[in-house]
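Below is one structure, written out as structure tokens; the observations come after it.
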Amino acid sequence: MPPVTEELQDDLPEQMRIRREKRDRLLEMGQHPYPVRLPLTHTIAQIRAAHEGLEPDVTTGELVGIAGRVIFLRNTGKLCFATLRAGDGTEIQAMVSLASVGEEALEDFKRLVDLGDHLFVHGEVITSRRGELSVMADEWRMASKSLRPLPVAHKPLSEETRVRQRYVDLIVRPEAREMARIRVLVLASIRRSLAKRGYLEIETPLLQTQQGGATARPFITHSHAFDLDLYLRIAPELFLKRALVGGLERVFEVNRNFRNEGADSTHSPEYVALEFYAAYEDYRDVARTTREIIQAAAVAATGSMVVTHADGSVHDLSGEWPEIDLFEAVSAAVGRDITPATPLEELDALVRAAGIEPAPTWIAGKYVEELLEHYVVPGFTGPTFVMNYPEDTSPLTRQHPDRPGVVEKWDLYINGYEQATGYSELADPVIQRERLVAQAELADRGDDEAMPVDEDFLRALEIGMPPAGGVGVGVDRLLMSLTGLGIRETILFPLVKPEARG
RNA sequence: GGGUCGCUAGCUCAAUGGUAGAGCUGCGGACUUUUAAUCCGUAGGUUCGGGGUUCGAGCCCCCGGCGACCCA
């Protein structure tokens with residue numbers, strides 16, 4: 001709780017105190033600083049659209065009532081200019097002159113209106129002598145008085161302030177507003193792409209009675225009504241597969257996953273994941289679909305499959321994407337043949353030689369994946385599918401038909417990080433049970449990411465799941481791939497630790 | 001989890017261990033066509049918190065908080 005003294009006017013910084021006094025003054029004048037309703041007749045966008053290309057210094061005779069946030073303010077004695085911006089980013093200039101509103105209203109305007117206020121203006125649509133489309137006010141009213149000064153518009157906000165006070169970031173930085181819109185375009189594009197292919201969007205539980213569908217540490221919460229610990233889901237996979245069993249043969253879900261792990265520029269504890277599953281398809285079929293979804297999203301968000309990042313670099317997502325074989329690539333990188341049968345001691349030595357300290361819970365497949373990340377991934381120049389993963393780290397995946405210890409799984413890398421993963425789904429309930437039991441043994445040995453045996457999921461598989469391919473795509477990471485920004489820029493309100501109070 | 005760097009006015013940043021400053025913002029004044037308006041004047045500080053060293057700490061040391069980057 002903030003100390004009570006912060007609410008006392010004497011302790012407020014000067015600029016905040018002055019704005020509060022202006023709020024009080026408005027009330028004294030009988031003008032509400034936060035009116036419920038205003039006589040709006042048009043949006044700023046409507047006025048701009050109707051009067052595009054007007055000559056300088058003309059009047060239209062059209063009377064309008066508009067509102068927007070004051071983002072620039074220029075007072076020149078008997079004529080004041082305020083640039084108003086609406087929520088859609090459109091802007092228009094309001095002019096308040098001695099001749100049009102009279103001395104009292106002009107003086108009040110100069111005395112009471114600040115940068116950041118929401119302002120209502122009624123008047124005639126005109127253009128200024130310099131050609132700026134404007135509303136010449138015959139009346140102005142406060143629409144909402146801003147009590148805190150906005151940051152200076154011409155200096156970039158510190159990264160921490162941008163994240164902590166996104167509402168301010170959105171006001172002063174066009175790129176922040178743009179990201180909010182790009183996210184919507186990408187999500188709409190994903191849904192269009194899948195709907196077009198006959199996929200049904202379904203919603204599965206975020207609160208689960210046991211974790212599953214991925215290997216990660218979960219957040220745990222508690223239901224008082226059921227007196228039961230619940231897990232915020234780490235993945236929707238096991239429920240989407242239940243839907244496949246039930247005969248919903250093409251399903252997808254776009255929703256939040258929660259992972260109780262660290263946060264950095266590519267990881268967020270809560271993130272949006274797309275998962276989709278198609279009966280009678282395999283991992284290669286869904287890889288193609290994944291590429292097409294991402295390419296369509298790139299076009300929807302940026303207009304092109306060749307995207308330009310914030311740092312100016314250009315990334316081509318068009319065409320087919322190369323596939324490399326995981327074990328072949330790692331073998332080539334370390335200069336000796338690596339297979340699922342390579343002894344753990346040998347892998348351990350290779351990993352240590354790469355300067356990586358293995359964790360005690362690591363199994364053979366984990367070592368191979370670490371070698372991939374260390375030696376192979378940094379060499380990728382564009383989107384790349386890494387094919388055919390170790391079986392022991394992929395407990396939900398169908399085995400490769402003629403390569404023991406290998407499963408039909410791929411990871412898609414874009415810009416050096418994992419963007420999506422897909423596989424031919426394991427449908428055999430007997431093998432699935434063996435894999436989950438092995439996972440449970442890992443959990444018993446102290447691996448808090450390993451998944452437990454989900455008996456209801458196994459019962460569903462025993463009913464019979466059609467052959468299927470499935471994919472998970474990190475949506476926040478997709479936005480990163482399209483814009484080159486960090487994950488905290490793609491998420492509107494990322495988790496931040498509370499600010500210290502001195 | 002480890003290391004490095006940072007935290008100073010509303011915002012962005014300065015300041016050999018020796019009187020805490022600038023720009024923008026704000027406030028007062030001038031200006032009826034401005035576009036980050038301009039001009040004149042002026043105010044604004046718990047230097048993230050706590051402890052220590054010192055005649056003297058924004059600066060040095062210790063503990064803690066928050067953040068960024070790198071590593072695991």
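Using P as the reference atom, B:rG51 and B:rG44 are 27 Å apart when rounded to the nearest Å. Using C1' as the reference atom, B:rA15 and B:rA20 are 7 Å apart when rounded to the nearest Å. On the P atoms, B:rG49 is 11 Å away from B:rG58, given to the nearest whole Å. Using atom C1' as the reference point in both B:rU42 and B:rG6, the two lie 33 Å apart (nearest Å). Of the P atoms belonging to B:rU4 and B:rG56, the separation is 29 Å, rounded to the nearest Å. Distance noted for atom P between B:rG23 and B:rA43: 13 Å (whole Å). Nucleotides B:rG26 and B:rC66, compared at atom P, are 34 Å apart to the nearest Å. Separating the C1' atom of B:rC59 from that of B:rG17 is a span of 7 Å, rounded to the nearest Å.
Using N1 to N3 plus N6-O4 or O6-N4 for Watson-Crick, or N1-O2 and O6-N3 for G-U wobble, each under 3.5 Å, B:rC13 pairs with B:rG21. Pair check for B:rU42 finds B:rG26; Watson-Crick or G-U wobble, both atom distances under 3.5 Å. Pair assignment for B:rG58 gives none, since no Watson-Crick or G-U wobble pairing has each distance under 3.5 Å. Across all strands shown, B:rU35 forms no Watson-Crick or G-U wobble pair with both distances under 3.5 Å. If you check B:rU47 for Watson-Crick or wobble pairing at under 3.5 angstrom, you find it has no partner at all. Applying the Watson-Crick and G-U wobble criteria (two distances, each under 3.5 Å), B:rC5 pairs with B:rG67.
Listed for the A:Arg148 side chain is no donor-acceptor partner under 3.5 Å among the backbone atoms of A:Gly116. Between the A:Thr421 side chain and the A:Val473 main chain, no donor and acceptor come within less than 3.5 Å of each other. When atom types are taken as modelled, the side chain of A:Gln419 and the backbone of A:Gly474 share a donor-acceptor pair closer than 3.5 angstrom. Here the side chain of A:Tyr34 pairs a donor or acceptor atom with the backbone of A:Lys145 at under 3.5 angstrom. At distances below 3.5 Å, not a single donor-acceptor pair connects side-chain atoms of A:Thr393 with backbone N or O atoms of A:Lys366. When atom types are taken as modelled, the side chain of A:Arg477 and the backbone of A:Glu418 share a donor-acceptor pair closer than 3.5 angstrom. Between the A:Thr483 side chain and the A:Leu479 main chain, a donor and an acceptor come within less than 3.5 Å of each other.
Screening A:Arg23, A:Arg17, A:Arg25 for a salt bridge (Lys or Arg N to Asp or Glu O under 4.0 Å) with A:Glu21, the sole residue that qualifies is A:Arg17.
Nucleotide B:rA68 holds its P atom 10 Å from the NZ atom of A:Lys497, rounded to whole Å. The NZ atom of A:Lys78 sits 4 Å away from the P atom of B:rU32 (whole-angstrom rounding). Rounded to a whole Å, the CG atom of A:Leu495 is 13 Å from the C1' atom of B:rG67. B:rU33 atom C1' lies 17 Å from atom CZ of A:Phe72, rounded to whole Å. Between A:Glu357 atom CD and B:rG3 atom P the separation is 17 Å, expressed in whole Å.
Along RNA chain B, the nucleotide nearest to A:Arg74 and the one nearest to A:Asp264 differ in position, and the one closer to the 5' end is contacted by A:Arg74. The residue among A:Val496 and A:Gly355 whose nearest nucleotide of RNA chain B lies closer to the 5′ end is A:Val496.
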Given the rule in the salt bridge (Lys or Arg N to Asp or Glu O under 4.0 Å) test, do A:Arg162 and A:Glu159 qualify, once you have shown the distances and angles that lead to the verdict? CA-CA 5 Å; A:Arg162 289 195 338 227; A:Glu159 197 168 338; 5.2 Å; no

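Side-chain atoms of A:Arg435 and A:Ser394 include no donor-acceptor pair closer than 3.5 Å.
Other residues, nucleotides and ligands place no more than 12 heavy atoms under 6.0 Å from the CZ atom of A:Arg256.
A 4.5 Å side-chain heavy-atom check between A:Val475 and A:Leu187 finds at least one atom pair inside the cut-off.
Backbone-only engagement by A:Arg488 is indicated by non-hydrogen atom pairs under 4.0 Å involving sugar-phosphate atoms exclusively. Counting non-hydrogen atoms under 4.0 angstrom, A:Glu132 reaches a base of the nucleic acid.
Checking B:rU32, B:rC27, B:rG67 against the side-chain heavy atoms of A:Thr76 singles out B:rU32 as nearest. Of the candidate nucleotides B:rC66, B:rC27, B:rC69, B:rC27 has the atom nearest to the side chain of A:Lys22.
For the segment residues 90-98 of chain A, residues with any heavy atom less than 4.0 angstrom from an atom of RNA chain B are, sorted by number, A:Gln93, A:Met95, A:Leu98. Contacts between residues 105-124 of chain A and RNA chain B, defined by a heavy-atom separation under 4.0 Å, are made by A:Asp114.
Under a 4.0 Å N-O distance rule, the pair A:Arg166/A:Glu489 qualifies as a salt bridge. Contact check on A:Arg164 versus A:Asp169 returns no salt bridge, with no Lys/Arg side-chain nitrogen under 4.0 Å from an Asp/Glu carboxylate oxygen.
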Quick test: give all pairs of protein nitrogen or oxygen and nucleotides 10-13 of chain B nitrogen or oxygen below 3.5 Å, distance rounded to 0.1 Å.
from   : atom 1 : to       : atom 2 : distance (Å)
B:rG10 : N9     : A:Gln15  : NE2    : 3.3
B:rG10 : N7     : A:Gln15  : NE2    : 3.3
B:rU12 : OP1    : A:Ser158 : N      : 2.8
B:rU12 : OP1    : A:Ser158 : OG     : 3.3

